[in-house]
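Contents: one structure, followed by commentary.
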Amino acid sequence: MIVSVKNLVKRYDDILALDHLSLTVNDGEIFGLLGPNGSGKTTAINCILSLLKYDKGEIEIFGQSMRPEAYDVKRNIGVVMQNVAVYNELTVQENIDYFCGLYVPDKRLRKELVTEAIDFVGLHEFSSYYPKKLSGGLLRRLNIACGIAHKPKLIILDEPTVAVDPQSRNKILEGILELNKKGATIIYTSHYMEEVEQICSRIMIIDKGRAIATGTKEELKAMITMGEKITVESQRITETQLNQLRRLPSIVSADYKNKLLIIKSSKGSNNLETVLEFFKTENIQFGKIYSELPTLNDVFLEITGKQLRD
Amino acid sequence: MQVFKLCLKILKKNILTLLIYVIVFLGVAAIMASSSASEQVKDASFKQSKANIALLCEENTPLTAGLKQELAKIAHFVELSDKTEALQDALYFRTVSYILRIPKGFSEKIMNGEQIQLQKTVIPNSFSNAYIDLTIDQYLNSARLYVEQIEDISQESLVQYLKQDLAANTAIELKINEKQAAHQSISNYFFNYLAFSILSILILGLSTLMLVFNNQDLQRRNACAPLSTTNFNRQFVLAVLVFTVLSWLIMAVLCLSFTLKYGININTLYLLLNSLVFATCAASIGYLIGNLVKSPNAIPAISNVITLGLSFISGVFVPIELLGSTVLKCASFTPTYWFVIANNHIASLTNFNYTNLQPVLASMLIQIGFAIAFFAAALVLGKHRRLQ
Ligand SMILES: Nc1ncnc2c1ncn2[C@@H]1O[C@H](COP(=O)(O)OP(=O)(O)OP(=O)(O)O)[C@@H](O)[C@H]1O
Ligand SMILES: [Mg+2]
């Protein structure tokens, strides 16, 4: 077990930002913390890193109790904050070297590490640029390089892809998978469910400072009653046909709007087949038809009654 | 030493802005040097043609004649009509620099051994005037001594004694002192002006540095590292010290390069010490401002307002004698004022015993007091912010 948090409570005046949050992160995992804006992800990370005082709770990292002066623990952690934090007066290379130097005093070793980090985030041709000259995406990559250059065992990334275009985002996500493959345990926070689904081996969904569900994405999706969602393009469907559809076994709902039929099924297989058979017998003409499995958004929606993203 | 190096790099990145103030200093200093050089030429020719003095004599006795003779050695007499307007004009157009009135009953009072205060009107700040004052004082004091010592001395023999006395006097030595005093006052101007540059450089440099270090995101990122707060702060303070001393050193050397031709003496050493004390004070102001400002764009404006304001009201640009008493009262709540006061004091010193040095040391102590107050305010402010 790399990280263990028990009953963490953090209050900002009258806001309860973390409400008895408990979590564990195992060796080698990519642990995702998924929650909407203001759900307490950053607060949780800052408490775990002893950057914030908290009201209650126990935090252990690498089996040691985490305190501001737990330097042995800190030495093996790499942090990428939500807000880009680099020195505008230093170049890309100097920034990485500075932050790496806080962990690695040896100059020669550090030089190698810095070069490696620059290559890793693909900032080679920008290494003598000042941050002001970097685009948002490149700046994010620099932010990441500063956090991981010293090859930490545990890497904590707080929404590292906010405001990054899809291409850069994919690069970053691939990079994180690569770091994980090389042996780093990773905590990754985001409010993008796609990202979390894409890379995380275990996910905790939080809302209003409380953990509402934890597990692999399959486990999370298995928690809800909803099954696949079938969408059909059709020119004409009568009200009677719609009602007939709704009465079919394992169909939860059917709605027809703007020539699009959306059918939600309960769990189980062969739902698409049932629908297709119905169309055949009713002799309904249709264009495209496709089915989607439930997303984490559906999980969030079913548990909290609201959308993950507003 | 990562943090220490970081500080120096941040300061280096801002070196161009800081250099502007060094260049401004050099420019103004060059102008001051050339104007003081031409003044010196004036000084030299002055000694030959002597100071211009108007003597308004309301009686004619051997004693007044004697005084006139003595003054003739060091001054040149200009005839003026005894009308207020004429006298004012003469002073204004510098036809004369000294107007001395010898009132009726002057000789009688001397012969009676009474204290005499002669009425004089002068152009302030002229060295030849001090010399005239001195001669008059000597004449009157010696006269009183003779009158006290020798009973029933006649006016004629008194004048004879005085003539011998004053002839033996150290007029040459006085001339040397005068020259030295003039040079001292030039050095003094340069060192006063140093306040502006040191203030600008340290306020700009340190407030920029503070602003970077007060960035919360960067603070947090640094706090994630295995580096103790004590170690971090120690390196930061070291960098601030190095920057302060280095800035002072550069400016002091530049300043000396202009004043060196007047020679280095103990006064120069005290001027240097005073400027170092002032540099710590300027550093504390920069540190405080760095804790107050929120945006780097505001720094140059704030820095200019403060340095120019402080320099103007406390006699850095304008000699302190020309400032009004209200202004000076306000100025006495600023460290620049005490820096200038100490400089002016140092420049007038010829004897460095404790009593003479006391006002200088007091002014330095006041500056140190200001520095401590500003640093303390900055620390309290920083703590307050952290708690929020
Ligand atoms: N310094 C603070 N003072 C007061 N309230 C705060 C402070 N920081 C965060 N909060 C509140 O605590 C709650 C959790 O905020 P937090 O930043 O941890 O959320 P988050 O999940 O990281 O959100 P986001 O996705 O926007 O980054 C929010 O309601 C926020 O308003
Ligand atoms: Mg956040």
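A note on names: the letters A, B, ... follow the listed sequences, proteins ahead of strands, and every chain is numbered from 1.
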Where B/R220 and A/L52 come nearest, the two heavy atoms and their spacing: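 The answer is NH2-CD2, 3.8 Å.
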Where is the tightest heavy-atom contact between B/R221 and A/A85, given as atom of each residue plus distance? NH1-O, 2.9 Å
Engaged part of [X] at the chain B interface, taking heavy atoms whose separation is under 4.5 Å:
X	result
A/N46	side chain
A/Q82	neither
A/N143	both

Winner by heavy-atom pair count (cut-off under 4.5 Å) against chain B, out of A/P105, A/P68, A/C146, A/G78: A/C146
For a side chain to side chain contact (heavy atoms under 4.5 Å, CB included) check, start with the C-alpha distance between A/L51 and B/Q216, then their side-chain angles and the critical distance, and finish with the verdict. CA-CA 11 Å; A/L51 297 174; B/Q216 202 195 29; over 6 Å; no
Name the member of B/L6, B/D217, B/L227 that forms the most heavy-atom pairs with chain A at distances under 4.5 Å.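 The option with the most such pairs is B/L6.
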Which of the residues B/N14, B/N222, B/V212, B/T229 is involved in the greatest number of heavy-atom pairs with chain A at under 4.5 angstrom?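 Counting heavy-atom pairs under 4.5 Å, the top option is B/N222.
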A/E89: what forms a side chain to side chain donor-acceptor pair (under 3.5 Å) with it, not counting sequence neighbours?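 So A/E89 forms no side chain to side chain donor-acceptor pair (under 3.5 Å) with any residue.
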Check the surroundings of atom [atom1] in [X]: do more than 12 heavy atoms from other residues, nucleotides or ligands lie under 6.0 Å from it?
X	atom1	answer
A/R67	CZ	yes
A/K171	NZ	no
A/Y71	OH	yes
B/F236	CZ	yes

To the nearest 0.5 angstrom, please state how far the CG atom of A/N88 sits from the CD1 atom of B/I10. 9.5 Å
Is the terminal nitrogen or CZ of B/K9 (NZ for Lys, CZ for Arg) located under 6.0 angstrom from the six-membered ring centre of A/Y98 and within 45° of that ring's axis? no
Report yes if some heavy atom in the side chain of A/Y87 is under 4.5 Å from a heavy atom in the side chain of B/N215; otherwise report no.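 No, their side chains stay 4.5 Å or more apart.
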Does the side chain of B/C224 come within less than 4.5 Å of A/I77's, by heavy atoms?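 Of all side-chain heavy-atom pairs linking B/C224 with A/I77, none is under 4.5 Å.
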Report which part of B/K5 has an atom under 4.5 Å of a heavy atom belonging to chain A: side chain, backbone, both, or neither.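 The side chain, not the backbone.
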